[in-house]
A.B. asks: 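Before I ask anything, here is the structure I am working with.
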Amino acid sequence: MSTVIDNVDYGPLAQLIGKWVGNKGLDNAPDAKANPDETSFTDELIFTIAGPSENSEEQNLVSIKYHHVVRKLENGHIFHDQIGHWIYEKSTNIIMHSLSIPRAVCLLAGGKYQENNGESIFNVEAKAGSQTYGIVQSPFMLEKAKTKAFKLSLSIKGNELNYHEVTSLHIYENDFEHIDKSTLFRVTYEQG
Ligand code: HEM
């Protein structure tokens, strides 16, 4: 597969492009007493090209954007909606992942791109308080349901994508590891 689209080399990000779906998602979120509440879900995840960016006439980045819609397996109702970018710098192998969710939480996570046994691995993390790979959230969320840290491991082999993410919360006066994981399969290669 070529990584060059419209004269832009998207490097490892090219593997993400297309539409992916799955029905194997598992969400572990806090219930009203901060106990784990598990829900099965379906995923629809669309990645399209977002072009190159040059920063300060020095840093060359390429990026793709995504929209991730998660529905409850039992009734098809949307219970998570997420948008953002994956960003790659070839000279350093740095990958960055931005996300915004409608709970009024946004973040920028960072890491290095890796390959292992033909698998492409995108590991990124962010921590509240960091001025670089950090988290911003509304005053309400900061006080009542704070996101303290975020870790995502996404891997791709051919047309199969797996992700495992841990969102470390402080909610109902307790720490809670909010975990989401899933397996998706590519259904189209549309570039956007
Ligand atoms: C596939 C990904 C995700 C799914 C399916 C999901 C789903 C959920 C669900 C069902 C709840 C419980 C809501 C309730 O009790 O009313 C929840 C809570 C929460 N999620 Fe997620 N979530 C995902 C990813 C994320 C991410 C990436 C973040 C932030 C970086 C996040 C932040 C939160 C926060 C702060 C809460 C606590 C809100 C509350 O219960 O008051 N989630 N999530």
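Counting starts at 1 for both ligands and their atoms, following the listed order. Predicted model only: the values in this text are computed from it and were never measured.
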A.B. asks: I'd like the name of whichever of I78, D81, I171 reaches closest to atom 40 (O) of ligand 1 through any heavy atom.
C.D. replies: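 The option holding the nearest heavy atom is I171.
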
A.B. asks: Please work out which of M141, H68, H80 has its closest non-hydrogen atom nearest to atom 25 (C) of ligand 1.
C.D. replies: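 Nearest option to atom 25 (C) of ligand 1, by heavy atoms: H80.
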
A.B. asks: For the residue pair Y113 and F122, does the interplanar ring angle fall in the parallel (under 30°), tilted (30 to 60°) or perpendicular (over 60°) class?
C.D. replies: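 Taking F122 first and then Y113, their aromatic rings sit tilted (interplane angle of 30° to 60°).
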
A.B. asks: From the options E58, Q59, E57, select the one residue that forms a side chain to side chain donor-acceptor pair (under 3.5 Å) with N55.
C.D. replies: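 Single side chain to side chain donor-acceptor pair (under 3.5 Å) partner of N55 among E58, Q59, E57: Q59.
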
A.B. asks: Counting heavy atoms only, which part of I135 comes closer than 4.0 Å to ligand 1: side chain, backbone, both or neither?
C.D. replies: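 No part of I135 comes within reach of ligand 1.
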
A.B. asks: Would you say F140 contacts ligand 1, with heavy atoms under 4.0 Å as the rule?
C.D. replies: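 No, that is not the case, since the closest heavy atom of the residue is not under 4.0 Å from the ligand.
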
A.B. asks: Would you call Q137 a ligand 1 contact, heavy-atom distance under 4.0 Å?
C.D. replies: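 False for this residue.
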
A.B. asks: Considering non-hydrogen atoms of the protein only, which is the closest contact for atom 15 (O) of ligand 1, and what is the distance?
C.D. replies: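 The closest heavy atom on the protein side is P30 O, 3.7 Å.
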
A.B. asks: Counting only heavy atoms, which portion of D37 has something under 4.0 Å from ligand 1: side chain, backbone, both, or neither?
C.D. replies: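 Neither part.
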
A.B. asks: Determine the interplanar angle of the F41 and Y163 rings, folded into 0 to 90°, and report it as parallel if under 30°, tilted if 30 to 60°, perpendicular if over 60°.
C.D. replies: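 Aromatic pair F41/Y163 classed parallel.
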
A.B. asks: Out of V69, I101, D27, who is nearest to atom 32 (C) of ligand 1 when you count heavy atoms only?
C.D. replies: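 Going through V69, I101, D27 one by one, I101 has the nearest heavy atom to atom 32 (C) of ligand 1.
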
A.B. asks: So for T39, does at least one of its heavy atoms come nearer than 4.0 angstrom to any atom of ligand 1?
C.D. replies: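 Flag not set, T39 not near ligand 1.
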
A.B. asks: Atom 21 (Fe) of ligand 1 is nearest to which N, O or S atom of H178?
C.D. replies: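 Among the N, O or S atoms of H178, the one closest to atom 21 (Fe) of ligand 1 is NE2.
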
